[in-house]
Visitor: 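Sharing a structure below in structure tokens format, with a few things to ask.
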2 protein chains.
Amino acid sequence: MKEEAVIAALGALAQDTRLRILCYLVTMGSAGAAAGDISKEVGASASRTSFHLSTLSDAGLINATRASRSIIYRVNFEAMGSIIRYLVHDCCKNDPRVTSCC
Amino acid sequence: MKEEAVIAALGALAQDTRLRILCYLVTMGSAGAAAGDISKEVGASASRTSFHLSTLSDAGLINATRASRSIIYRVNFEAMGSIIRYLVHDCCKNDPRVTSCC
DNA sequence: TATATATTTCAATAAGCATTGAAATGGGAG
DNA sequence: CTCCCATTTCAATGCTTATTGAAATATATA
């Protein structure tokens with residue numbers, strides 16, 4: 001994974017509303033959640049939620065698919081794995097104090 | 001690890017100069033590196049490097065110790081482990097696509 | 001077509017972060 | 001004590017991100 005992509009992903013996660021959105025979408029698994037439901041869940045306005053969802057989406061951490069009037073968002077677990085792999089392998093050179101996390 | 005601390009750490013890592021500083025300090029291990037050497041290594045001015053070092057230090061990702069006129073910085077591997085553990089365990093609920101990183 | 005629902009986009013404002021160079025601090029050597 | 005070296009702090013500027021509410025887009029239903 002390129003450093004640039006890692007920085008975009010870390011920046012996307014480094015915000016409380018977005019981190020909560022991501023954690024919520026993890027719990028929803030493959031079912032995902034509609035933008036409106038996410039908005040209610042994290043207590044943010046529709047436009048603010050939409051903005052944060054596009055930030056997460058631009059960073060590749062979530063995917064969007066339209067289902068009728070709703071847009072369903074799901075976590076991209078492979079992308080999450082990639083950035084963690086970058087931090088553990090490339091950045092921390094597999095130091096045991098870091099790899100002990102898994 | 002508290003969500004607030006995780007956000008500070010992710011935000012600290014989400015910047016190219018700081019990510020390069022951290023990767024460099026990983027390679028220096030327990031020997032660490034002086035602020036001036038880090039500055040040369042990443043090609044940033046002294047004041048800019050100092051600013052980034054204090055951001056990383058405030059986030060708990062590195063430690064500083066004075067050695068005569070120089071200040072030596074070292075990676076806090078335990079802290080790196082903690083934020084990765086948060087992402088893998090708490091956020092991603094140990095999803096296999098994520099835990100496969102280690 | 002008209003209407004309602006779901007979501008995004010836009011413009012404006014506010015807040016925070018990055019960068020620069022100059023000045024200040026802290027420590028060692030003559 | 002004075003000078004020098006290493007680093008940090010400060011003030012000013014520009015850039016990016018966050019937030020808000022209103023308007024626009026897309027889809028479904030009557």
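In what follows, every chain begins at residue 1, and chains take the letters A, B, ... in the order their sequences are listed.
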Visitor: Quick check: do B/Leu22 and A/Cys91 have side-chain heavy atoms less than 4.5 Å from each other?
Guide: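 Yes, side chains in contact.
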Visitor: What does B/Ala34 touch in the nucleic acid at a heavy-atom separation under 4.0 angstrom: a base, only the sugar-phosphate, or nothing?
Guide: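 Sugar-phosphate contact only - B/Ala34 comes under 4.0 Å of backbone atoms but never of a base.
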Visitor: For B/Ser50, report the nucleic acid contact type (base, sugar-phosphate, nothing); a contact means any heavy atom under 4.0 Å.
Guide: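 B/Ser50: base contact, heavy atoms under 4.0 Å.
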Visitor: Under 4.0 Å between a side-chain N/O of A/Ser70 and OP1 or OP2 of C/dA6, yes or no?
Guide: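 Answer no for this pair, as no side-chain N or O of A/Ser70 is under 4.0 Å from OP1 or OP2.
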Visitor: Compare side-chain N and O positions of A/Gln15 against OP1 and OP2 of D/dT19 and report whether any pair is under 4.0 Å apart.
Guide: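 A/Gln15 to D/dT19 OP1/OP2: side-chain N or O found under 4.0 Å.
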Visitor: Classify the nucleic acid contact of B/Ser39 as base, sugar-phosphate or nothing, counting any heavy atom under 4.0 Å across all strands shown.
Guide: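 Answer is nothing: B/Ser39 stays at 4.0 Å or more from every strand.
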Visitor: Give a yes/no on whether any side-chain N or O of A/His52 is located under 4.0 angstrom from OP1 or OP2 of D/dT19.
Guide: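 So the side-chain polar atoms of A/His52 do come within 4.0 Å of the phosphate oxygens OP1 or OP2 of D/dT19, strictly under.
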Visitor: Go through it in stages, so that I can follow the logic: the residues are A/Asp95 and A/Lys93, the test is salt bridge (Lys or Arg N to Asp or Glu O under 4.0 Å), and I'd like the CA-CA distance, side-chain angles, deciding distance and then a yes or no.
Guide: CA-CA 6 Å; A/Asp95 187 280; A/Lys93 315 292 181 201; over 6 Å; no
Visitor: By nearest atom, which of the nucleotides C/dA18, C/dT9, D/dT8 is closest to the B/Tyr73 side chain?
Guide: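 Looking only at heavy atoms from C-beta outward on B/Tyr73, the closest nucleotide is D/dT8.
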Visitor: Side chain of B/Arg18, heavy atoms from C-beta onward: which of D/dA18, C/dT7, C/dA18 has the nearest atom to it?
Guide: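 Nucleotide nearest to B/Arg18's side chain: C/dA18.
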Visitor: Does B/Ala46 reach a base, just sugar-phosphate, or nothing at all? Heavy atoms under 4.0 Å.
Guide: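 Counting heavy atoms under 4.0 Å across all strands, the contact made by B/Ala46 includes a base.
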Visitor: Across the strands shown, which category fits B/Thr55 at heavy-atom distances under 4.0 angstrom: base, sugar-phosphate, nothing?
Guide: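 Touches nothing.
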Visitor: Nearest to the side chain of B/Phe51 - C/dG27, D/dA26, C/dT19?
Guide: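 The answer is C/dT19, which lies nearest to the side chain.
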Visitor: Determine: side-chain N/O of B/Arg48 to OP1/OP2 of C/dA18, distance under 4.0 Å, yes or no.
Guide: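 For C/dA18, OP1/OP2 do not have a side-chain N/O of B/Arg48 under 4.0 Å.
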Visitor: From the set C/dG21, C/dT8, D/dC5, return the single nucleotide nearest to any side-chain atom of A/Ala35.
Guide: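 Minimum distance to the A/Ala35 side chain belongs to C/dT8.
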